[in-house]
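The structure follows.
Computed from a predicted model, the values in this text were never measured in an experiment. We count residues from 1, following the sequence as given.
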Amino acid sequence: MIALIPDNNANLALVARTGRHLQRYNKGCRLVVGCIPYRYKVGKDNSVTNEEELEVLMISSQKKKGMLFPKGGWELDENIEEAASRETLEEAGVQGTLECQLGKWRFKSRTDDTCYEGYMFPLLVKKQLDVWPEKNYRQRIWMSVAEAREVCQHWWMKEALNRLTNRLISQHQLCGEGGADYNNKLNL
């Protein structure tokens with residue numbers, strides 16, 4: 001799975017990582033990280049009053065029927081943010097602004113009883129690539145938050161999606177109309 005990614009007048013070869021030899025574990029649980037890629041609907045500024053003003057990007061599962069958000073193993077040679085961004089680029093072919101972590105979840109695999117610890121981040125999409133490492137293995141589909149809740153195959157990803165929408169709506173309420181800077185309102 002190799003993709004040539006145009007990067008400022010040069011081509012960057014990107015290969016999807018495979019194997020488990022660099023995987024991180026915590027107390028026997030495999031650590032996985034992922035993103036909820038999102039964008040504002042056309043005509044909206046960077047503020048939402050309700051979830052209908054957002055779209056999220058979901059990908060097809062490689063092994064089963066169903067949709068999910070991009071996620072994968074957090075490896076020893078990268079920090080958590082690098083792992084989340086890498087997995088999202090490899091699986092969904094998007095890049096953007098990685099925002100504050102939405103949370104941590106513990107869950108077991110439905111198939112082999114493996115324990116996982118999953119971390120999710122929002123990713124405000126700035127660039128959608130035409131070619132990416134897993135393009136031939138996955139479909140990606142922009143959809144409404146309501147549609148994503150319906151088709152997402154993992155309860156913990158649905159919970160992360162709820163946290164994201166609540167966060168974005170709360171930011172709008174705190175800042176009000178006119179798009180005031182969220183951090184300024186918090187005196188950060």
Side-chain donor-acceptor contact under 3.5 Å, Glu81 with Tyr119: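 Tyr119 and Glu81 do not have a side-chain donor-acceptor pair below 3.5 Å.
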Does NZ or CZ of Arg140 lie under 6.0 Å from the centre of the six-membered ring of Trp132, at an angle within 45° of the ring axis?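 Positive - Arg140 is close enough to the ring of Trp132 and near enough to its axis.
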Could you state whether Leu123 and Ile80 fall into the same hydrophobic cluster, counting links through intermediate Ile, Leu, Val, Met, Phe, Trp or Tyr residues with side-chain heavy atoms under 4.5 angstrom apart? yes
Under the side chain to side chain contact (heavy atoms under 4.5 Å, CB included) test against Tyr38, which residue among Val125, Leu164, Val145, Thr165 passes?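 Single pass found, and it is Leu164.
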With under 30° as parallel and over 60° as perpendicular, where do the rings of His154 and Trp156 fit, or are they tilted in between?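 If you compare the ring of His154 with that of Trp156, the planes turn out tilted.
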Applying side-chain contact (heavy atoms from CB on, under 4.5 Å) to Tyr40 and Leu54, what does each step give before you reach the verdict? CA-CA 5 Å; Tyr40 298 97; Leu54 290 175; 3.8 Å; yes
Minimum-distance pair of heavy atoms, taken over all atoms of Leu102 and Pro122: CG-CD, 3.6 Å
The criterion is ring-ring contact (aromatic ring centres under 6.0 Å, His included); which residues satisfy it with Phe69, sequence neighbours excluded?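 Partners of Phe69 by the ring-ring contact (aromatic ring centres under 6.0 Å, His included) criterion come out as none, since no residue qualifies.
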Value rounded to 0.5 Å, distance of OH in Tyr137 from CD1 in Ile59: 14.0 Å
Ignoring hydrogens and geometry, is there a side-chain-to-backbone donor-acceptor pair from Lys135 to Asp130 under 3.5 Å?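 Yes, because the side chain of Lys135 sits within donor-acceptor range (under 3.5 Å) of the backbone of Asp130.
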Sidechain N-carboxylate O distance under 4.0 Å for Lys41, Glu53: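 Looking at Lys41 and Glu53, the cut-off is not met.
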State whether Arg86 and Glu90 are salt-bridged, where the test is any N-O pair (Lys NZ or Arg NE/NH1/NH2 against Asp/Glu carboxylate O) under 4.0 Å.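 Judged by the 4.0 Å cut-off on N to carboxylate O distance, Arg86 and Glu90 do form a salt bridge.
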Indicate whether any N or O donor in one side chain lies under 3.5 Å from an N or O acceptor in the other, for Trp105 and Glu117. no
Side chains of Met143 and Val151: does their closest heavy-atom pair fall under 4.5 Å?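 Yes, side chains in contact.
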Would you indicate whether Glu150, at its atom CD, is surrounded by more than 12 heavy atoms from other residues, nucleotides or ligands within a distance under 6.0 Å? no
Distance-minimising heavy-atom pair for Arg30 and Gly72: NH2-C, 4.5 Å
Is the shortest heavy-atom distance from the side chain of Met120 to the side chain of Leu161 under 4.5 Å? no
Say whether, by atom type as modelled, one donor and one acceptor occur between the side chain of Ser60 and the main chain of Met67 under 3.5 angstrom. no
Listed by chain and number, what are the side-chain hydrogen bond (donor to acceptor under 3.5 Å, both in side chains) partners of Glu147, not counting sequence neighbours? Ser144
Should Val94 and Leu57 count as side-chain neighbours, where that means a heavy-atom distance under 4.5 Å? yes
Before accepting this row, confirm whether a basic side-chain N of the pair Arg138/Glu91 lies closer than 4.0 Å to the acidic partner's carboxylate O. yes
If a pair satisfies disulfide (SG to SG under 2.5 Å) and one of its residues is in residues 68-141, list it, with sequence neighbours excluded. Cys29-Cys115
